[in-house]
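A short write-up of the structure that comes next.
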Amino acid sequence: MNTIVRNTLIVLAILVLAAGIFFAGGMFARATSFGPGWMMGNYGNNGYGPGMMGGRGNNGYGPGMMGGNAYSNAAPLTIEQMKTAAETYIKNSGLDGLEVGEIMIFDNNAYAIVMEKSTGMGAFELLADSGTQVAYPEYGPNMMWNLKYGGMSRGGMMGGRGGWMMGSWNIGNATPANVSADMPVTQEQAISFAQAYLDQYIPGATAADDPTKFYGYYTMDFEQNGKVAGMLSVNGYNGQVFLHTWHGTFVEESSMK
């Protein structure tokens with residue numbers, strides 16, 4: 001076999017191999033992006049698998065991608081510190097008609113629900129670390145499922161002016177004018193889906209009966225032995241359950257309403 005023919009065959013083999021890898025990668029991306037169960041297993045066939053958020057962590061339910069506290073030596077924030085951080089975030093967002101509705105303090109971070117004053121609907125969720133005391137958008141459903149204020153679907157994880165991972169989130173430019181608050185999954189169904197998940201993965205835990213409704217999903221606490229043990233969210237369109245694995249141990253909470 002002369003050199004030209006041999007080199008041609010080698011090039012063709014490389015091209016075929018590259019095409020195969022590209023095709024396989026595309027199929028994987030298609031199967032794992034925005035599907036009904038890509039983060040928490042295939043809820044579409046009633047599976048509640050822990051998926052990417054599995055494993056074991058400080059809270060006993062797995063650190064997932066987002067677990068841990070970069071400021072583990074710092075004391076948890078107080079209610080007032082988180083309120084100040086959340087109100088500063090709202091002010092800097094450029095959005096009107098929003099207020100802090102609820103604050104929860106955990107040993108890994110502080111958490112706040114931002115509400116719409118006119119509708120009583122949840123707008124978005126915030127976290128703040130002890131070290132910086134600066135509020136930023138919560139990861140997970142708040143970014144993936146929030147149809148009105150979630151910046152992830154409009155610009156990606158690093159979209160906007162620096163993206164949510166840099167603390168800007170760009171929600172002022174990402175908020176559509178009209179999004180329906182109605183969802184196929186009712187509040188009662190969301191509680192039922194959450195409880196089914198807890199029964200399988202955290203036996204003895206009980207889902208709260210007063211979830212906060214956001215544009216696209218619900219978020220609720222759950223208890224064990226009469227104490228708040230964590231939080232989870234339920235997609236309002238397909239019932240997918242997403243466990244918040246990043247909070248740690250519950251400390252205290254307060255309603256701002």
Side-chain angles (χ1 to χ4, degrees), residues 39-41 43 46 48 50 53 57-62 64 66-67 76-77 79 82-83 86 99-116 119-128 137-146 149-150 181-257:
M39 290 293 283
M40 291 300 297
Y43 182 80
N46 294 323
Y48 293 90
M53 305 306 292
N58 293 336
N59 58 7
Y61 310 126
M66 308 292 186
L77 270 66
I79 295 290
M82 184 56 189
K83 184 173 184 288
E99 62 182 353
V100 180
E102 180 181 348
I103 290 175
M104 300 181 72
I105 305 298
F106 298 86
D107 63 354
N108 277 352
N109 48 55
Y111 165 89
I113 295 176
V114 176
M115 311 287 294
E116 292 182 338
T119 65
M121 284 279 294
F124 50 86
E125 301 165 276
L126 298 174
L127 297 177
E138 185 178 38
Y139 0 85
N142 182 55
M143 297 303 305
M144 298 188 302
W145 296 344
N146 194 322
Y149 297 93
D182 296 330
M183 295 182 285
V185 175
T186 66
Q187 174 176 296
E188 291 73 21
Q189 289 172 325
I191 296 171
S192 178
F193 292 150
Q195 189 59 54
Y197 174 89
L198 293 172
D199 289 344
Q200 181 168 355
Y201 285 98
I202 313 177
T206 304
D209 60 3
D210 58 346
T212 300
K213 184 179 182 181
F214 294 88
Y215 290 92
Y217 67 103
Y218 302 86
T219 292
M220 67 193 80
D221 311 334
F222 63 88
E223 295 185 353
Q224 275 188 313
N225 301 318
K227 298 180 180 180
V228 174
M231 301 175 67
L232 49 75
S233 297
V234 178
N235 190 292
Y237 290 86
N238 60 23
Q240 179 185 0
V241 176
F242 193 115
L243 180 67
H244 297 204
T245 62
W246 44 83
H247 294 304
T249 302
F250 173 74
V251 178
E252 62 177 330
E253 65 180 324
S254 178
S255 174
M256 302 288 106
K257 295 182 290 183

Hey, could you give me the CD/CG distance between Gln240 and Asn238, rounded to the nearest 0.5 Å? 5.5 Å
Working to the nearest 0.5 angstrom, can you tell me the gap between Thr212 OG1 and Gln187 CD? 9.0 Å
Heavy-atom closest pair (Gly140 atom, Trp246 atom, distance to 0.1 Å) is CA-CH2, 4.1 Å
Just by modelled atom types, is the Pro141 backbone N or O under 3.5 Å from a matching donor or acceptor in the Asn146 side chain? no
May I ask you to decide if Gln195's main-chain N or O and Gln200's side chain share a donor-acceptor pair within less than 3.5 Å? no
For Phe106 and Gly248 the tightest heavy-atom approach is CD2-O, 3.7 Å
Please tell me whether Glu116 and Tyr149 have a donor and an acceptor in their side chains that are separated by less than 3.5 angstrom. yes
Work out which heavy atom in Ala207 is nearest to a heavy atom in Leu198; give both atom names and the distance. N-CD1, 3.6 Å
One should read off an interatomic distance between Thr249 OG1 and Asp107 CG, to the nearest 0.5 angstrom, of 4.0 Å
Suppose we screen for side chain to side chain donor-acceptor pair (under 3.5 Å). Which residues come up paired with Tyr111, at least two apart in sequence or across chains? Glu125
Using modelled atom types and a 3.5 Å cut-off, is there a donor and acceptor pairing between side-chain atoms of Lys213 and backbone atoms of Gly236? no
CD1-CE distance between Ile103 and Met256, expressed to the nearest 0.5 angstrom: 4.5 Å
Show, in sequence, the C-alpha distance, side-chain angles and deciding distance for Phe214 and Ile113, and conclude whether the side-chain contact (heavy atoms from CB on, under 4.5 Å) test is met. CA-CA 10 Å; Phe214 294 88; Ile113 295 176; 3.9 Å; yes
With side chains defined as the heavy atoms from C-beta onward, is the minimum distance between Met104 and His247 less than 4.5 Å? no
Between Glu102 and Glu253, does a side-chain contact (heavy atoms from CB on, under 4.5 Å) hold up when you go through it step by step? CA-CA 8 Å; Glu102 180 181 348; Glu253 65 180 324; 3.2 Å; yes
Hey, does Gln189 have a side-chain heavy atom less than 4.5 Å from the side chain of Val234? no
Determine whether Leu127 and Tyr139 satisfy the following criterion, side-chain contact (heavy atoms from CB on, under 4.5 Å), listing intermediate values before the conclusion. CA-CA 9 Å; Leu127 297 177; Tyr139 0 85; 3.7 Å; yes
For Ala112 and Val100 the tightest heavy-atom approach is CB-CG1, 4.5 Å
Test item: Asp221 side-chain N/O and Ala208 main-chain N/O as donor-acceptor pair under 3.5 Å: no
Is the number of heavy atoms from other residues, nucleotides or ligands under 6.0 Å of Asp210 CG greater than 12? yes
Between atom CG of Asp182 and atom OH of Tyr215, what is the distance when rounded to the nearest 0.5 Å? 10.0 Å
Less than 4.5 Å apart, side chain to side chain, heavy atoms only: is that true for Phe242 and Tyr217? no
Residues Asp199 and Ala205: closest non-hydrogen pair is OD1-O, 4.4 Å
When rounded to the nearest 0.5 angstrom, what distance separates OG1 in Thr219 from CE in Met231? 5.5 Å
Considering all heavy atoms of both residues, which atom of Tyr218 and which atom of Ala190 are nearest to each other, and what is their separation? CD1-CB, 3.6 Å
Is there a donor-acceptor pair under 3.5 Å between the side chain of Tyr201 and the backbone N or O of Leu243? no
Starting from the C-alpha separation in whole Å, work towards a yes-or-no answer on side-chain contact (heavy atoms from CB on, under 4.5 Å) for Asn109 and Glu138. CA-CA 10 Å; Asn109 48 55; Glu138 185 178 38; over 6 Å; no
